[in-house]
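Counting starts at 1 for both ligands and their atoms, in listed order.
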Amino acid sequence: MRRFFIFILPILIIVAAAFTVFGIIQVNTEEDRLLDDLKRKAKTIAESIDFSVKHVLLSQNLKDANYLVEKFQARERLQGCAIYNNEGRAIAVTQRFTDWKGKESQLAKDVLISRTPRGQIEEYQNLSVYSYILPIFDDENKPLGSVEIIHDTSYVFTRLADLWRRISVTLIILVVLIFLISIFIQWKIFILPIQQLTEWFQNFQKGATDIKHPLRDRGELAKLASEVEQVALSLKVARRSVSDHAIERIQKEDMWTEEKLKDLIHAKLGENAFFVVSNREPYMHILDEESSATKCIRPASGVVTAIHPILSACGGMWVAHGSGNADKKFVNSKDKLGVPVNDFRYILKRVWLSKEEEDGYYYGFSNEGLWPLCHITHTRPIFRQDDWLMYKKVNQKFADSILEELPKKAPFVFIQDYHFTLLPKMIKEKRPDAIVALFWHIPWPTPESFSICPYHKEILEGMLGCDLIGFHVQNHCNNFLDTANRLLESRVDTEKFSIVRLGKETFVRSFPISINGYSDGKGVFVDAQILAKTKREFDLQDKIVMLGVDRIDYTKGITERILAIDRFLEKYPKYKKKVVFLQLAAPSRTHIKRYHDLIGEIDELVEKINWKHMDGEWRPIIYLKKHFSPEEILPFYMIADICIVSSLHDGMNLVAKEYVAAKKGSTGMLILSQFTGASRELTDSVQINPYSIEDTADKIKFAIEMPDEEKSKRMENMRRIIRENNVYRWAANIVTELTALKKI
Ligand code: ADQ
């Protein structure tokens, strides 16, 4: 629209200016014409009565004089008449002009002296009048007096005002017509074809290239559309042959790699596009207010850690909340950008939320309600009606954002986590052909626990819009089936492990999530100098290094871990000055009071324990409270002799797997909470009940004192498990399961 105004405004200004100049000329010409006409008439009238006036003046008959001036008053547009004697005094004046120049006219005197007639425009009682005075002579040519014809000129100005009005109305009509015609032309010549081209591209993107479209008859645009069709055809053919090669390669290799997953996705999904939806985005743009520099970071999130390698492998689109304070600067007009920033493996589409939406949906319902509901850590869930309404609204917002991207051919939509329980149903209602899966990254509680959520029915109904729901471990699947069975009218098929509600079947399966596990054969490489530098920086050269890496969350058992370190040093003081516990902690969800308080609690506890055990320069705990990039975390994993994961409840826990995978070629040991999903797979870890501070303190000693040989053996076993069951296998299992179930 702005461009349209830029185009139309100069035209309108030129037309208006030209018309105004034309109007001024027209009005001036008309004014001259009317005044000339008036002057001519006044002169003719004066000359026509000069004989009568001569007689009146010669006879000095006042009665005749008055008769004459009154007679002329009746004439059309002749407004008045006056007769002057040879001294310039009025002897008779039309009645309505009785006050005319106090019956004595200087002009009449001048006319007699100069002996030539004169006319002029003057004012009379707010009237504009034209007066014409003709000198009258006797037969010897001596001046007798004069006669004056007075015309009201106001009709001239009324006519001119009328003319101006007509010109202005014509100008307005002309401007409106030009405006409307321009809009019409612009719509017909530019907007309509561009709309058709955009619609054609949208359909084309969604796979409908062969529909009859008005563009086909539109010259150059039709050529452009046809060129794009040719490129698409080549791509289709290329993709087909990639699929054939992909199937061959999948059959040959048994280790799951990025390449193999890519092949599988090509082979199984073919042209079905792949969409991921999550709350957390894989890349955030953050403006550092102090330095004014913008950074692009990968947020500390298990979901991001797991899904990023999959989309990097197979491309597609990731739809997520744009939560970075500089995010808006880096998206295109459709809120999208290619990521990783210089690699462009997949598209990130950012969805914007208002502060109220984020408060209600994310902090409120998701993280003060569902998160504590599903984690049995004795933090009371809070369910507020307003939060729930906002949660529903945001789910709908994401649904709309995804639906506008879905191509014609059955797409594959992979939803992440408890933030989007209503999304599957919303998508399926509009696109029943879409294949929808949801992965639940956190535990699923028992039906009794879940039933306390006042909105449990709508949540379950929303989730059952899925074709497939995945959990980390079988126990969570069982809990979910039980929950659906008890809280919803549905049929649970324990043979097929599915739930049927209103004729729609949802399959429930366990898929233990993982990390990439360095399955690409490259392994981990961190320069020895960096490791030495890290050790020097924290004075760890001759120390036994224990490590914790977490988002600051009450489910991660950070407080319990620090208390266990304290107890360990109390029970086994010989380890004082020999061990150091490094805790890397990324603050998260800090707007929630429980999280805010927890940050304070940990700060205080670290200070207290350090004060209690400090000796000279040595402190038992180094607490690094900040967000680290994956590359920054790696050296810490590599130098850690022990990694402690003490979650009170955790869907899987990827830190445990990251540590084991990173320790390739050196000894180390993982102390792992029995309440994590990972503890089912990593059975060679030293397992703890984090609620038992005593037990954890003893297990720390046990892990430290374990012979190196046993450590190596156990770590190698765990590494093999992670390598074999890496995140590519996790994704491949989900895709394979879905395609088998849906027969696509
Ligand atoms: P999270 O609760 O986020 O994930 P987790 O699996 O431990 O937990 O993953 C955390 C990720 O964040 C790891 O990749 C870790 O490296 C990273 N991280 C931790 N501390 C960090 C720090 N200080 N700076 C930067 N990065 C940091 C949820 C569930 C888990 C489940 C995952 C995946 O709660 O149970 O394993 O999803 O499904």
task = Mind running salt bridge (Lys or Arg N to Asp or Glu O under 4.0 Å) on Glu716 and Arg719 for me, showing each step along the way?
result = CA-CA 5 Å; Glu716 188 45 48; Arg719 245 188 318 272; 3.2 Å; yes
query = Got a sec: does the CD of Glu607 have more than 12 other heavy atoms crowding it under 6.0 Å?
reply =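 No, the 6.0 Å shell around CD holds no more than 12 heavy atoms from other groups.
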Do any nitrogen or oxygen atoms of ligand 1 lie under 3.5 Å from a protein nitrogen or oxygen, and which ones?
unit_1   : atom_1 : unit_2 : atom_2 : d
ligand 1 : 2 (O)  : Arg551 : NH2    : 2.8
ligand 1 : 2 (O)  : Lys556 : NZ     : 3.0
ligand 1 : 3 (O)  : Gly302 : N      : 3.0
ligand 1 : 3 (O)  : Arg551 : NE     : 3.1
ligand 1 : 6 (O)  : Leu654 : N      : 2.8
ligand 1 : 8 (O)  : Lys556 : NZ     : 3.0
ligand 1 : 9 (O)  : Gly302 : N      : 3.4
ligand 1 : 12 (O) : Ser301 : N      : 3.4
ligand 1 : 14 (O) : Thr305 : OG1    : 2.7
ligand 1 : 14 (O) : Glu658 : OE2    : 2.6
ligand 1 : 16 (O) : Glu658 : OE1    : 2.7
ligand 1 : 16 (O) : Glu658 : OE2    : 3.4
ligand 1 : 20 (N) : Asp550 : N      : 3.4
ligand 1 : 20 (N) : Asp550 : O      : 3.2
ligand 1 : 23 (N) : Ala586 : N      : 3.1
ligand 1 : 23 (N) : Lys626 : O      : 3.2
ligand 1 : 24 (N) : Phe628 : N      : 2.8
ligand 1 : 24 (N) : Phe628 : O      : 3.4
ligand 1 : 34 (O) : Asp650 : OD1    : 3.4
ligand 1 : 35 (O) : Asp650 : OD1    : 2.4
ligand 1 : 35 (O) : Gly651 : N      : 3.0
ligand 1 : 35 (O) : Met652 : N      : 2.9
ligand 1 : 36 (O) : Asn653 : N      : 2.8
ligand 1 : 38 (O) : His441 : ND1    : 2.5
ligand 1 : 38 (O) : His472 : NE2    : 3.2

inquiry  = Given the ring of Phe538, does Lys535 sit roughly above its face, with NZ or CZ under 6.0 Å from the centre of the six-membered ring and within 45° of the axis?
reply    =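 No, Lys535 and Phe538 do not form such a contact.
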task = Check whether NZ of the Lys or CZ of the Arg Arg594 lies under 6.0 Å from the centre of the six-membered ring of Trp371 and within 45 degrees of that ring's axis.
result =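 Geometry flag: not set, cation outside 6.0 Å or 45°.
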query = How far does OH of Tyr391 sit from CD1 of Ile459, to the nearest 0.5 angstrom?
reply = 6.0 Å
message = Ignoring hydrogens and geometry beyond distance, is a side-chain donor-acceptor pair present between Tyr361 and Asp387 at under 3.5 Å?
response = no
